[in-house]
Amino acid sequence: DIQMTQSPASLSASLGETVTIECRASEDIYNGLAWYQQKPGKSPQLLIYNANSLHTGVPSRFSGSGSGTQYSLKINSLQSEDVASYFCQQYYDYPWTFGGGTKLELK
Amino acid sequence: EVQLVESGGGLVQPGRSLKLSCAASGFTFSNYYMAWVRQAPTKGLEWVAYISTGGGSTYYRDSVKGRFTISRDNAKSTLYLQMDSLRSEDTATYYCTTGGYYFDYWGQGVMVTVSS
């Protein structure tokens, strides 16, 4: 199975700050990567697919980048509603696997 | 508006069975691959199974292969997950999702607890 390692596991940031979350795959996943946001007590919501494509309705302050085994999610100008956990997921090879998550809190 | 509403969860003893349902609306169900993803309490996400648009292709993670069966009824816009020989490690919130690769839309989830 392809292992997905996210970092950091948690982070604290201030309103208006830019935040970056990293995701490393155990092998090349050829941009088969998605990012999800999960707010407390809610189901996950798709943010990014194909490593850098923004899902419908997702604010433009979210962006994805990367290639090969290294990918990142950037949140520009952090808003209070961005407090959530974030997960990456590879869909290059079965079984689809998720990263362990990054919990984002406000400082 | 896309809506996915899961049902059928609950408390079940190890070794017993449970069948989850997911009623879909707001999109053409028969055109979408569908999947189940689960999340153990305070844990991360885990893909469980996926089914093609017509139901002819299914894939499962190894830990549920032979015990779980994903199916769909396109006439009723409903997705199912038959879970047999349940184990304590199957305890999780189960989400119905659209998509066979990444997961565009998610239901609210249904809790399954396997315990004696």
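Each chain gets a letter, A, B and so on, in the order the sequences are listed, and its residues count up from 1.
A donor-acceptor pair is defined here as one N or O able to donate and one able to accept, closer than 3.5 Å; no such pair exists between the side chain of B/Arg87 and the backbone of B/Pro14. Without hydrogens or angle criteria, B/Arg67 side chain to B/Met83 main chain gives no donor-acceptor distance under 3.5 Å. Here the side chain of B/Ser115 pairs no donor or acceptor atom with the backbone of B/Thr113 at under 3.5 angstrom. The backbone N or O of B/Ala23 lies less than 3.5 Å from no partner atom in the side chain of B/Thr78, so there is not a single donor-acceptor pair. The closest donor-acceptor contact from the side chain of B/Asn74 to the backbone of B/Thr53 lies under 3.5 Å. Listed for the B/Arg61 side chain is no donor-acceptor partner under 3.5 Å among the backbone atoms of B/Val48. Proximity of a side-chain donor or acceptor of B/Gln82 to a complementary backbone N or O of B/Phe68 within less than 3.5 Å is not detected. Between the side chain of B/Glu46 and the backbone N or O of B/Gly44 there is no donor-acceptor pair closer than 3.5 Å. Judged by distance alone, with hydrogens and angles left aside, the side-chain atoms of B/Trp106 form a donor-acceptor pair with the main-chain N or O of B/Phe103 at under 3.5 Å. In terms of modelled atom types and a separation under 3.5 Å, the side chain of B/Tyr95 and the main chain of B/Val110 share no donor-acceptor contact.
Contacts of B/Tyr105 with chain A are made by side-chain atoms alone, with heavy-atom separations under 4.5 Å and no backbone atom involved.
Remark: of the listed residues A/Tyr94, A/Tyr91, A/Phe98, A/Tyr94 is the sole one forming a ring-ring contact (aromatic ring centres under 6.0 Å, His included) with B/Trp47.
B/Leu81 places a side-chain heavy atom less than 4.5 Å from the side chain of B/Tyr94. The shortest side-chain heavy-atom distance between A/Tyr92 and A/Ile2 falls under the 4.5 Å cut-off. The closest side-chain heavy-atom distance from B/Val112 to B/Leu20 is below 4.5 Å.
Residues of residues 42-56 of chain A having a heavy atom under 4.5 Å from any heavy atom of chain B, listed by number: A/Lys42, A/Ser43, A/Pro44, A/Leu46, A/Tyr49, A/Asn50, A/His55. Applying a 4.5 Å heavy-atom cutoff, the residues of residues 17-40 of chain A that approach chain B are A/Ala34, A/Tyr36, A/Gln38. Residue-level contacts of residues 24-42 of chain B with chain A, in order of numbering, are B/Val37, B/Gln39; threshold 4.5 Å between heavy atoms. Applying a 4.5 Å heavy-atom cutoff, the residues of residues 63-89 of chain A that approach chain B are A/Phe87, A/Gln89.
The choice from B/Tyr59, B/Tyr50, B/Tyr102 that makes the most heavy-atom pairs within less than 4.5 Å of chain A is B/Tyr102.
Between the side chains of A/Gln6 and A/Thr102, at least one donor N or O sits under 3.5 Å from an acceptor N or O.
A salt bridge does not link B/Asp84 to B/Arg16: none of the charged side-chain nitrogens sits closer than 4.0 Å to a carboxylate oxygen.
Summarising the geometry, atom CD belonging to B/Gln3 is positioned 9.5 Å from atom CD belonging to B/Gln108; distances are rounded to the nearest 0.5 Å.
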